[in-house]
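Owing to the predicted nature of the structure, the values given are computational and were not obtained by experimental measurement. Read the numbers this way: they start at 1 and go in the same order the structure lists the ligands and their atoms. Below, all heavy atoms of this structure are taken into account, side chains as well, without hydrogens, waters or symmetry copies.
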Amino acid sequence: MSDCIFCRIAAGEIPSATIYEDENFRVILDLGPATKGHALILPKAHYADLTEIPEDLAAKAMVVAKKVVTFMKDALPCDGYNIVQNNGESAGQTVFHFHMHLIPRYKGDHAGVTWKPGKLTDEARDEILEKAKGLMQ
Ligand code: AMP
Ligand code: ZN
């Protein structure tokens, strides 16, 4: 996808601050970091989101995430980290090439990776359990 910015970054056509690279992935520093060290895992092949990426590559992405967050904890060092992966416009995805955000967290930082908890209603629980029985087991 020549018009996809993350394809071009992952291929090395556009320079990036690369902290890790292997045959399948490039890990770069986000240009608009939530906190110091915020990184993005980009597959080198184009998949719009998690539903498109093959299972084996999705699994490998998590192995890369483990490697990078271990580096973050040891070397930055951060106190914790969030792994965020947005899919679809309603979920905040702005670049439609699968990527994982690795966001180092520091005590007292004000990065906003939270939500206001609602309440699981009996109706929603029953509806979703029923659908899952049919489609996921
Ligand atoms: P999302 O909203 O999940 O699609 O995340 C897109 C992320 O990509 C944002 O955090 C942006 O700051 C980041 N971003 C966009 N363009 C670039 C770029 N050229 N280099 C590094 N990060 C980028
Ligand atoms: Zn792409």
Side-chain angles (χ1 to χ4, degrees):
M1 293 258 300
S2 58
D3 58 345
C4 170
I5 181 136
F6 280 3
C7 277
R8 298 185 66 198
I9 291 173
E13 285 170 33
I14 296 176
S16 62
T18 295
I19 59 171
Y20 175 80
E21 186 180 1
D22 64 23
E23 58 173 332
N24 296 308
F25 299 98
R26 182 185 291 273
V27 182
I28 65 169
L29 295 181
D30 194 304
L31 282 184
T35 64
K36 182 183 170 189
H38 181 166
L40 301 172
I41 301 179
L42 313 179
K44 290 185 174 178
H46 183 88
Y47 307 102
D49 58 27
L50 185 61
T51 54
E52 283 198 2
I53 193 168
E55 281 186 5
D56 63 330
L57 213 52
K60 284 180 182 163
M62 190 54 89
V63 175
V64 172
K66 183 171 166 60
K67 191 188 289 285
V68 176
V69 298
T70 301
F71 158 77
M72 288 171 166
K73 283 209 81 174
D74 291 348
L76 291 174
C78 59
D79 302 307
Y81 49 86
N82 295 107
I83 297 179
V84 175
Q85 202 274 303
N86 298 325
N87 298 271
E89 210 174 319
S90 63
Q93 186 176 12
T94 58
V95 180
F96 293 87
H97 174 125
F98 174 93
H99 52 281
M100 288 170 77
H101 294 261
L102 307 176
I103 305 175
R105 300 303 302 269
Y106 306 92
K107 284 189 184 78
D109 74 35
H110 294 290
V113 194
T114 56
W115 58 87
K116 189 167 164 280
K119 171 106 181 71
L120 177 62
T121 63
D122 292 351
E123 194 185 14
R125 181 199 59 209
D126 293 347
E127 179 195 331
I128 295 161
L129 287 178
E130 193 54 37
K131 286 179 175 166
K133 236 185 267 169
L135 295 171
M136 295 219 295
Q137 282 158 24

Near Ile9 (heavy-atom distance under 4.0 Å), the atoms of ligand 1 are 18 (C), 19 (N), 20 (N)

Interatomic distance, CG@Leu42 vs OH@Tyr47, rounded to 0.5 Å, equals 13.5 Å

Leu102 vs Ile83, side chain to side chain contact (heavy atoms under 4.5 Å, CB included): CA-CA, chis, key distance, verdict
CA-CA 5 Å; Leu102 307 176; Ile83 297 179; 3.8 Å; yes

ang(SG Cys4, the Zn ion (ligand 2), ND1 His46) rounded to 10° is 110°

Closest to atom 9 (C) of ligand 1 among protein heavy atoms sits Asp30 OD2, 3.4 Å

Here the gap from His99 atom NE2 to Asp30 atom CG, rounded to the nearest 0.5 Å, amounts to 8.0 Å

One finds that the ligand 1 atoms under 4.0 Å from a non-hydrogen atom of Asn86 are 1 (P), 2 (O), 3 (O)

Answer key: the N, O or S atom of His97 nearest to the Zn ion (ligand 2) is ND1

Pairwise side-chain contact, Asn87 with Thr51, heavy-atom cut-off 4.5 Å (strictly under) = no

If two hydrophobic side chains count as joined below 4.5 Å and joins carry through other members, does Ile14 share a cluster with Leu40?
yes

Numbered in order shown, the ligand 1 atoms found under 4.0 Å of a heavy atom of Ile28 are 21 (C)

Polar proximity ligand 1 side, Leu29 side, N/O cut 3.5 Å exclusive: no

Does Asn24 reach the main-chain N or O of Asp22 with its side chain, forming a donor-acceptor pair under 3.5 Å? no

> Would you find a donor on one side and an acceptor on the other, under 3.5 Å apart, between the side chain of Thr35 and the backbone of Pro104?
Replying inline: yes

Within 4.0 Å of some non-hydrogen atom of Gly32, the atoms of ligand 1 are 12 (O)

Ranked by distance from atom 14 (N) of ligand 1, the top protein heavy atom is Phe6 CZ, 4.0 Å

Is the shortest N/O to N/O distance between Leu31 and ligand 1 below 3.5 Å?
-> yes

Would you indicate whether Tyr81, at its atom OH, is surrounded by more than 12 heavy atoms from other residues, nucleotides or ligands within a distance under 6.0 Å? no

ask   = Does any N/O atom on Gly92 come nearer than 3.5 Å to any N/O atom on ligand 1?
value = yes

So do the side chains of Leu57 and Phe25 get within less than 4.5 Å of each other, counting heavy atoms only? yes

Ligand 1 atoms nearer than 4.0 angstrom to some heavy atom of His101 are 1 (P), 3 (O), 5 (O), 7 (C), 10 (O)

TODO: Ignoring angles and geometry beyond distance, decide whether His99 reaches within less than 3.5 Å of ligand 1 through its nitrogen or oxygen atoms.
DONE: yes

Within the 4.0 Å heavy-atom cut-off, what Leu40 brings close to ligand 1 is side chain

Decide yes or no on side chain to side chain contact (heavy atoms under 4.5 Å, CB included) for Ile5 and Arg8, but give the supporting numbers first. CA-CA 5 Å; Ile5 181 136; Arg8 298 185 66 198; 5.7 Å; no

### Query
Could an N or O of ligand 1 be found under 3.5 Å from any N or O of Thr94, whether backbone or side chain?
yes

